[in-house]
Structure formats: C-alpha cells, structure tokens
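A short worksheet on the structure shown next.
Every heavy atom of this structure was used, including side-chain atoms; hydrogens, water molecules and symmetry mates were not. Treat the numbers as computed from the prediction; the structure is a model and nothing was measured. Letters A, B, ... are given to chains in the order of the sequence lines, protein chains preceding strands, and every chain is numbered from 1.
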Number of protein chains: 2
Amino acid sequence: MAIGRSPSVKDVAAAAGVSLGTVSNVMNRPEVVSPATRDRVERAMAELGFVRNESARQLRAGTSRTLAYVMLDGSNPFFHDVAQGIELAAEDADLSLFICNSNARADREALHLDRLMQQRVQGMLITPVDPESPHLADVARRGIPIVLVDRVAPGEFCSVAVDDVLGGRIAVEHLVEQGHERVAVIGGPESLGQVRERLEGARQFWSEQGLPPEDLTFMPTAAMTVAEGRSAGERLAGIPARRRPTAAFCANDLLALGLLQQAIGSGLRIPDDLAIVGFDDIEFAAAAAVPLTSVRQPRQELGKAAAQLVLEEAAAATHRHRQLTFTPELVARASTRSH
Amino acid sequence: MAIGRSPSVKDVAAAAGVSLGTVSNVMNRPEVVSPATRDRVERAMAELGFVRNESARQLRAGTSRTLAYVMLDGSNPFFHDVAQGIELAAEDADLSLFICNSNARADREALHLDRLMQQRVQGMLITPVDPESPHLADVARRGIPIVLVDRVAPGEFCSVAVDDVLGGRIAVEHLVEQGHERVAVIGGPESLGQVRERLEGARQFWSEQGLPPEDLTFMPTAAMTVAEGRSAGERLAGIPARRRPTAAFCANDLLALGLLQQAIGSGLRIPDDLAIVGFDDIEFAAAAAVPLTSVRQPRQELGKAAAQLVLEEAAAATHRHRQLTFTPELVARASTRSH
DNA sequence: CACGGCGCCTGAAACATTTCAAACACTCGA
DNA sequence: TCGAGTGTTTGAAATGTTTCAGGCGCCGTG
C-alpha cells in the first residue's frame, strides 16, 4: 500500500533479497529459479503490489504485445462483430487489441495511424476510408504488417473480404426467384468499391437471365446510413406505381433498415408491396419489425482471419501479400417471403 | 527507406549534425532552438522517416498519454455512443483512447484491467460487471484514477450516471398520461442496480397516484438483450387479455426492440394494443418499424463528463470522489402515441 | 584430492527518450 | 578589454525491464 511511485523490479529484488535478474527470471523463465527463491520473490511482489511496467519491457524488447484495429464506423454493428473476431484471435496469440474509430474521416484515421506507429504496435488491421491513401503505404513501408478488412487493394496489402460480386448476384437471384421483375439496387457513394461490385454482381445475373436492363434501377445514396435508407424510400415512393420496383437490394443493412422503416411508415406491406434484401446480416437485421433478408458476411470469421494474416506477416521473414475472399450467404427472412 | 530497425533520435542527430538533446528540443520545445537548426533537424527526421518511440518516452515520463474505456457490452450501441463522448474529451486533452470490451464477463474484465495497469494508463473509465469487484479497488489503490460510467458506487469511486429512479418515474408517468391503467416493467437480472432503481421510480409514481399496486407488474428477464425482449413478449401474450398490461416499460432499448418485434409479429398493433417505452434512446430506437418512445440518456455527455472527471482526478493532488448525475428525458415517439 | 559439470544466481549492458545543469559563443555596455 | 547577459547547444543521468556472460558453490567421478 505504498504511496508514491509504483514499485519496480528493483524494489522487489531488494525486498526479496535477490538481484534484479532473478526477479526477471521469476517472471519470464520461472523454471530456472529454485522453488524457494521463486516463492520468496512472488511473495515480495504480492506484498508490494508490483505491476510490470509494459513500457520498459517494450523498450527493451523492441516491440509491443499489441495489435490495433482502426474501425471505419463505430455506429455500424457490423464492425463490432469484426472486432470481436479480431479480439478472439489476438487473445489466442496473447496480444492486446487497441481499437480505434476513424468515423470515416481521413484526418482522424491518419492521426490514429500515427499514434499506433509511435506505439510500435505489432500490426494493424484497418477498414480504411480510402484503400489508396498514402498513409497506409507509409505504415507498410516502415515494416509494420497491415491488413485491410472488408476492403481490397491487390498487390499492395493483405486483405480479408467477402466476394462482393457474388453477394450482389445471390441477392438479386433470390429476388428474381421470388418472382420480382423490377428491382432497385440502393447504395453509395459510388466511390465505394463494395457498392460498385455488389451492383456489378446484380447486373451480371440480370443480364444472364436476359432481363431488360432498364428494370434493374440503381439508386445512389450519399452514405450507408439509416437516414439515407429512409430518403431512398421516399425517392422510391415517388416513382409511378406502374414502373416502381417491387423489390430493393440495399448495399448494407443500415440502408435496408431505413428503407424498411420508411416503407412501413407509409403503409406499404413488406414483402407484398416491397421486398427488401440487405447486406451484412447484422444482429438488428433479424430483430427488425419485419425480419430482414440479408446477405451474410461471416463477420467474426473475417476478423479472425485478418488477425491471423497480420500475425503471419509479422512472423514471416519473407512475405507475399494475400487476398482472402470469403463466400457470402443469403439468409432469407420475412422481408422477402410472402407466406 | 532504410530497412532494419527504425531510426532513433540518435540517428536523426547524427544525420543533422547535432546532439540528442537538440533533436529532443525540436520535438518538445521548438521555441528554444534556432530556426536554422530546427529546419535541419526536421529535414533529417523527414528524410529518415523518424517516428518517436512512445515506449521510451513513456518510460522516461513515468506516465502514458492514454486513457482507457472498458465497455460492458460491445453489442449494445449505447456504449459506443458513450465511447464516442469519451473519445472527444480525450482528443481535447491530446490523449489516446484504448477501448476494451469485457462482454459482461468478469474474467475478461480483470484481464483488461491488468493489462491496462501494466500500460500505466493515465486513467480508466469503466462500466463494470460488478461495481463492488475487488479488482476495481485494486486499481484505485494503485493510484490510478478510475471513474464508473452508467454505474454508481458512492464513496468508493467517481461516477457518471443518469438518475435512474427519475427515469423510471417519467417513463411510467408518460404511460399513465396516455391513459394506461395496467403496466408491465420489464428488465433484469434484478442484481443490476439500474433495473432496481428504474423499477423503484416506476413504483413510486404509481403509488403516489394511488393506483393499485397489482396493476404494475414486474417481469424479470435474464439479460438486457433483444432475445430476452422477445421472450418477455411471449410471456406477456400468455396473460389473459382482461388482466394483460396495455403498456410496457423496458429497462433498455434492446429489450424494447425485442418486445416490439414479437408483438408486431403476433399481430398486435402498436401502440393501440400495446404501448412500449424503452430506455437509453439508442439510434436504432428512432429507426424501428414503429419508432420507439424511450427515456434518453445523454449518452455522449455521459462519456465526456466521465473523461473530464478522470482527468480531473489525475491532475488534482487531493481529490474527493464525486457522483455526477444527469437528468434523463422522455422522447415520445409513435410506440406510445396513438394518433 | 582435483576437476568438470550442473544448478542457481548476479551484475552490467542495452533499449530510446527526456531533462537539466553546464558550456559555449555572441553581443552590448561600461 | 572585461563582465554580464542572452540565446543556443551539449552531454550525462535517469527511467524499468530483459538478456547474457560469467561466478559461485556443490556433487559426483576419476
């Protein structure tokens, strides 16, 4: 219960009547110290309330025992599930996980990257605002392993993502199977690779089926949020009933939830008047008033795999970047099934 | 672009032809070094790609530039909004924020606390699994400022929370105003102080109004999750219509969303057949199919205040623990308003 | 008895930074 | 020309840990 600065190895050594090195050995290679001594040291540590100073250890070791994840958007539960997966893997490797949130702002992201480099983290996982940002390349150039999550930059970095083209395809395939002939694809901004690819998958399937291209409408949004989903719903309602899509594929679940809410609010029946498919399959999708059909990403697996990749890169002397691609899966629920 | 270990102050000094101390001064007190030298040093830093080693700085300084937040449940958006508030305050103080997630498990919480102590964080903010846990006291005993968020432990720690008794009161007051005469209070486990206090507030108001106590039913749940909300809904449906509550006050929004979903799914009209009030006012509450009336906690403010409190405790030589209490506010939406 | 080997422990060096007293080089005024 | 003062730079010490070569004492073997 000593006040003042917290006790150091030196204090413990003095209290136990041994040298610094012995105390260190008790902590790091207990097998080389005799049981009697070990016991004495351990007692001293407990008594003084010794807590190892991680900075000093790190300084000496040259590297930290920490991984970092820079999230794109803390308000999207999807990223928390990914984080959960990362944390599991980090725990297995006995590493701590530092979670940051860029809130989709490039300046915050850069700030976080900078701090993390100063901390000498072992590796970084990131869903970047822009996969081409020079900041990412900076990190890599310094030899810090970096893995993109839910984004891809072939050749440049390792990455873990889902096959978005396939995701778009199965979403629309499901809607066509349910008999829909006019479908809206909702998402944006178009600068997002994911949005482009999911749309592409949708279009591929559509043209393979020989369906008229003008019956697959792309409705761009400014962001992937609930609010934007609502506003897309209003735009949708403005289309004359004859030409209005009977189904919508949203590029993520937040958009889909917004759309769902707006549609119900204006008296539409789901799925009879409007069927909705989301993407990500976040927990709230299943819990929505009309449970949401969604294209599931294996969220936790994504995180786990990313963490393993970053550890692999950290361990290997020589390393070749890899792009891991997971297969998305359609989870059909009431928002597309009429009976 | 040197490979091998990353450049140190020494390397920069050599490159710029100055001493270690000068390089350090350029970083920490630029005003004392002549513009010419400063320029030379800065050029050398850029050229070598120098990144300050935070471990060494910390070791020397004796304290880190980091705050930590140990979240109780990463899947509840409420805590993310709190985290956001904390981060804002941390940014103002030029500190990094370390976010951990205990997932409501005491062992994970203890592990995190331990690691954070080893990191010598400046202070901790935590929504603990159990406010009475000896681990928390351990931290405090070591002189690390610690502030409870959304929990209270008078005398022991500083804390920031909302007046839960008042929150329960206004929720039920609102329902009574809407003409309801039989109300269910849903939440649990009862070991949660919050649940007890929100229930107490509800009962206080109920008895003040002279309403029959048996018409205010407490329905305990095993946890505060969407799934538990659904199951509470099923239990509610099992009550004979004559005696069934016409309104429910849920101890958080996740429960309320689960209940809402179950109720809609079984054909009830909200709010005509069942009115629902949640607690927390998370973002998804407003976005629910029937927008949810909720007792708003000033989530971001909570986080901000907690961070300020912890910084205050860190700065002050002498400190007396304080319990900050915020006032909750009812946000009425469609789930309780019939027109 | 001498000696190698073994088990256990010690002490010093190294890690990258900050701080601070002291040194240094000028300039100005007396 | 000297001294004081000012502005800038230096070098060494200190932070807490880990590692590693070496030392000490003891046992068993030759």
B:T37 side-chain N/O to D:dT9 phosphate OP1/OP2 under 4.0 Å: yes
Side-chain N,O (A:S55) to OP1/OP2 (D:dG16) below 4.0 Å: no
Sugar-phosphate only, base, or nothing, as touched by B:S34 at under 4.0 Å among non-hydrogen atoms: sugar-phosphate
Nearest-angstrom distance from the residue atom CZ of B:R40 to P of D:dT8: 14 Å
Distance-only donor-acceptor check, side chains B:Q58 and A:N53, under 3.5 Å: no
Exercise: do A:Q308 and A:D92 side chains pair donor with acceptor under 3.5 Å: no
Residue whose nearest DNA chain C nucleotide is more 5′ - A:G21 or A:V32: A:V32
Nearest-nucleotide 5' precedence on DNA chain D, A:L20 against B:G17: B:G17
Inter-residue atom distance B:S6.OG - B:D11.CG, 0.5 Å rounding: 8.5 Å
Polar side-chain contact A:R60-D:dT18 base: donor and acceptor under 3.5 Å: yes
Terminal contacting nucleotides, 5' and 3', DNA chain C versus chain A (heavy atom, 4.0 Å): C:dC8 to C:dA16
Under the side chain to side chain contact (heavy atoms under 4.5 Å, CB included) test, residues paired with B:D94 that sit two or more places apart: A:R115, B:R65
Terminal helix-axis angle for the helix from C:dC1-D:dG30 to C:dA30-D:dT1, with five pairs defining each axis and rounding to 10 degrees: 70°
